[in-house]
Amino acid sequence: MINKVVSTLAEALDGIQDGASILVGGFGSTGIPFQLIDALFEKDVRHLTIIANNAGNKEEGVARLLGGGRVDKIICTYPRSTDCYIMERLYKEGKIELELVPQGTFTERMRAAGAGIGGFYTPTGVGTKIAEGKEIRNFDGMDYVLERPLKADVALLKAQTADRWGNLAYNKTGMNFAPLMATAASLTVVQVSEIVELGGIDPQRVNTPGIFVQRVVQVGDPL
Amino acid sequence: MINKVVSTLAEALDGIQDGASILVGGFGSTGIPFQLIDALFEKDVRHLTIIANNAGNKEEGVARLLGGGRVDKIICTYPRSTDCYIMERLYKEGKIELELVPQGTFTERMRAAGAGIGGFYTPTGVGTKIAEGKEIRNFDGMDYVLERPLKADVALLKAQTADRWGNLAYNKTGMNFAPLMATAASLTVVQVSEIVELGGIDPQRVNTPGIFVQRVVQVGDPL
Amino acid sequence: MKTAIVETELKPLTRRQMAWRAAQDIVDGSYVNLGIGMPTLIADYVVAGREIIYHSENGLLGMGPAPPAGQEDLDLINAGKQYVTIVPGGSYFDSSVAFAMMRGGHLSMVFMGAFQVSESGDLANWSTNDEKALPAVGGAMDLAVGCKDIRVLMEHVTRDGKPRILKECTYPLTAKKVVKKIYTDHAVLDIDEKGFVVREMIEGLTFERLQKMTEAELHLDPQWRVLDVPEL
Amino acid sequence: MKTAIVETELKPLTRRQMAWRAAQDIVDGSYVNLGIGMPTLIADYVVAGREIIYHSENGLLGMGPAPPAGQEDLDLINAGKQYVTIVPGGSYFDSSVAFAMMRGGHLSMVFMGAFQVSESGDLANWSTNDEKALPAVGGAMDLAVGCKDIRVLMEHVTRDGKPRILKECTYPLTAKKVVKKIYTDHAVLDIDEKGFVVREMIEGLTFERLQKMTEAELHLDPQWRVLDVPEL
């Protein structure tokens, strides 16, 4: 019998080691797996590479990991915001490596990793700093830059609903990167508000089929 | 006001000309826009390039267009089946050009066209006839073949439900290629069983957002 | 002895007036992305009766206005991380679909803010080249490719009077040869093969004076009109 | 005068028996694609109590058995174009997601039919090189990449006795170096660095006789067992 539901956040993160690369879902404050991140902080693994759209606000979410010295490198599209002072400080002090990726390319690189695509040509970033050192190729009169898949050891995600097979339904714009990240990690771990019986999610409403998910943990609503 | 709903099949196909490239949705007999295809047959446009997974059965669907001499070229993954005698005959007589594409590559090429991707590297077909004459490239020890986007002038699709903005919901495995084809054509035309008010499709159940759809026509159920 | 050049007192557009002017150009049935900042104001001034569908790159098509206070949905925000609503006919999808809409050329128009625009349509709106500042690009580069109708809203010059409309951008580029039209607080300009063409200028502004505020060479459309906006 | 070589009367497996044997190797919790033809029979013989999730590349995960006559749903078929059902926990998705599951290596096992397999694991199962025949590839090439555990079910020799297990395939390839295990009507063979290793042979079959039916060199696992299947 397949049962991907684990009882505790600690179990959900079991086996994650120093040096792991970790995809973290969420855009702004929607879809952020805060409880999983907090549990990862408690677990005290280090030298992480974090791959996330944002770098967290105040001392919450990814910012907490950054502030706690857990992260060597961040791959990110928009690490800046009003309350993103930890990332600001670490960056200015040269204490963190930053790989900046345009958001559409970020998304597409994760999709490629999950879909077995070895590389793709995108028009995004051509003629800019982002394309420096990368292959540029012209197809039908238009320039494209070659980008490579972005895969990771772990994905930490948030969804609304799951079942024991790991099928997921997200809520509204809380979905954002999660369906792509789920496919791009060896170990996809999801915190959910609700666990339902098999068949409890309409098969036409499953956003992430369980094949892409390894562990599910139910958490109380953070707010 | 946006209203993509047209009243007749003829209106739905207005402007399609000789020489057009036409994506046709469907897998086996699910998701085939039979009424649109029949109307295209009546319209008597010629020298078409048809891009579809199958070549139709008996004298139905794509087979009807083939039998009527409407099609110069077919881009297809599986043109063969028990009742696919029209395609068999035309092929043996050298009366049709066939470009055979592996199904995952077929899918990915349409997605690339719709997503503005200039090309991608897939492992599918490496070392086979399919890859002959194409660029092979090694990434991280694995060979990939470069494939290019597959776009078309028109897509003819079938969905279950639409609204006047062209939002679509498909039924079960009737979905198959349609969400990708919708993005890859300049003119996407969809036959549906049901038209609902705006908001009548749950925003989390919209399979194809209306931005990818130009015309919708309601048809009686074919069976 | 100084020669006093008496220039007409000008009344540059406010940010809301610039947004109003841009809004007039959105035709019925358009799919539009309004970039973060000033462009988001555009939605307030769309011509009545026109049905416009707003796209937000975090996975939302059919974005509606901000919700009434107290009715914010924590799972419903736009790309600017503001609480929004969804209109009937709207849909949610993952980021790869959101960016396919942009990169694949499915949007009708994109309005963005900018630091600089060059006469070939190069756009600079993500970095001021400050080596010490934390860089952040977000969806800007993706928004700037794909769509065939990319428009910029920006003040004509910087706060300290330096031109933003240039022969070549001095800030790092967001994308090359993409901007088609600029709405500034002084003028409306198109970019075509010969460079910047002035279509509208505010009351009292002369072409010579506008050229002085602009590094790139301007061409005046013989049919140019006064950039006329209501008080807002 | 002819020398009569008396060989033991062999009882090669039926297709259902081959499917039964393959089914025993599917562990609980596997995500499995059963290729068109003989592999689809495997689902009938999975070990009781094991929960297996079937994938169909036309956009279905959690495929269930054929529906009772009269209860077919015209919009619910598998990749073999047969009417099927969906089990609780199943899901529908578009073809790009279906193929991402395959190409991206998310399936646990794939069982396919074949014309030929080579000792390096090359697979030929889509074309017999007949120039006049209409070629058709479907999802075969995609199914043969990505998954790390690709297994073949096929008769050991062709109808006219020609070997299918070869040094090099003579038919056009589906994919190179992908097959890990073969279930034939005479034997079960693994493919590893040194080529074909025989793990099981049917009752009465000798290694020499199996080698005669096989073009490629075989290696006998010292721990080999009798390929024992029930009557079906």
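Proteins come first, then strands; the chains are lettered A, B, ... in the order of their sequence lines, and each starts at number 1.
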Check your understanding: Between B:Phe41 and B:Arg70, is there a cation-pi geometry (under 6.0 Å to ring centre, at most 45° from the normal)?
Key -> yes
Check your understanding: Relative to D:Tyr183, does D:Arg21 satisfy both conditions: NZ or CZ under 6.0 angstrom from the six-membered ring centre, and within 45 degrees of the ring's axis?
Key -> no
Point to revise | B:Leu156: which of B:Ile22, B:Val190, B:Leu23 passes side chain to side chain contact (heavy atoms under 4.5 Å, CB included) | key: B:Ile22
Review point. For the atom pair CD1 (B:Ile32) and CG (B:Asn53), what is the distance rounded to the nearest 0.5 Å?
Key: 8.5 Å
Interface residue of largest heavy-atom contact number with chain D, from [options], under 4.5 Å:
{"options": "B:Arg111, B:Glu88, B:Gln160, B:Lys92", "value": "B:Glu88"}
{"options": "B:Gly31, B:Gly28, B:Pro123", "value": "B:Pro123"}
{"options": "B:Cys76, B:Pro102, B:Ala55", "value": "B:Pro102"}
{"options": "B:Asn171, B:Asn54, B:Asn207", "value": "B:Asn171"}
{"options": "B:Ala178, B:Pro79, B:Gly174", "value": "B:Pro79"}

[X] portion near chain D, given a 4.5 angstrom heavy-atom threshold:
{"X": "B:Thr107", "result": "side chain"}
{"X": "B:Tyr91", "result": "side chain"}
{"X": "B:Pro179", "result": "side chain"}
{"X": "B:Asp143", "result": "neither"}

Heavy-atom pairs under 4.5 Å with chain B are the metric here; pick the option from [options] that has the most.
{"options": "D:Gly139, D:Pro135, D:Ser91", "answer": "D:Pro135"}
{"options": "D:Lys176, D:Lys132, D:Arg103", "answer": "D:Arg103"}
{"options": "D:Ala98, D:Ser127, D:Ala144, D:Ala79", "answer": "D:Ala79"}

Exercise for review: Go through the atoms of D:Val145 and report whether side chain, backbone, both or neither lie under 4.5 Å from a heavy atom of chain B.
Suggested key: side chain
Exercise for review: Sort D:Asp122 into side chain, backbone, both or neither according to what part of it lies under 4.5 angstrom from a heavy atom of chain B.
Suggested key: neither
Review point. Would D:Ile86 and D:Tyr92 satisfy side chain to side chain contact (heavy atoms under 4.5 Å, CB included), going step by step from the backbone distance to the final call?
Key: CA-CA 9 Å; D:Ile86 186 171; D:Tyr92 300 107; 3.4 Å; yes
Exercise for review: List the atom of D:Met213, the atom of D:Val157, and the distance in Å for their closest heavy-atom pair.
Suggested key: O-CG1, 3.3 Å
Exercise for review: Tell me, with the steps shown, if B:Arg148 and B:Leu150 meet side chain to side chain contact (heavy atoms under 4.5 Å, CB included).
Suggested key: CA-CA 7 Å; B:Arg148 297 294 317 286; B:Leu150 182 55; over 6 Å; no
Review point. Using 30° and 60° as the class limits, which term best fits the ring planes of D:His55 and D:Phe93: parallel, tilted or perpendicular?
Key: parallel
Review point. Are the charged groups of D:Asp221 and D:Arg199 less than 4.0 angstrom apart, N to O?
Key: yes
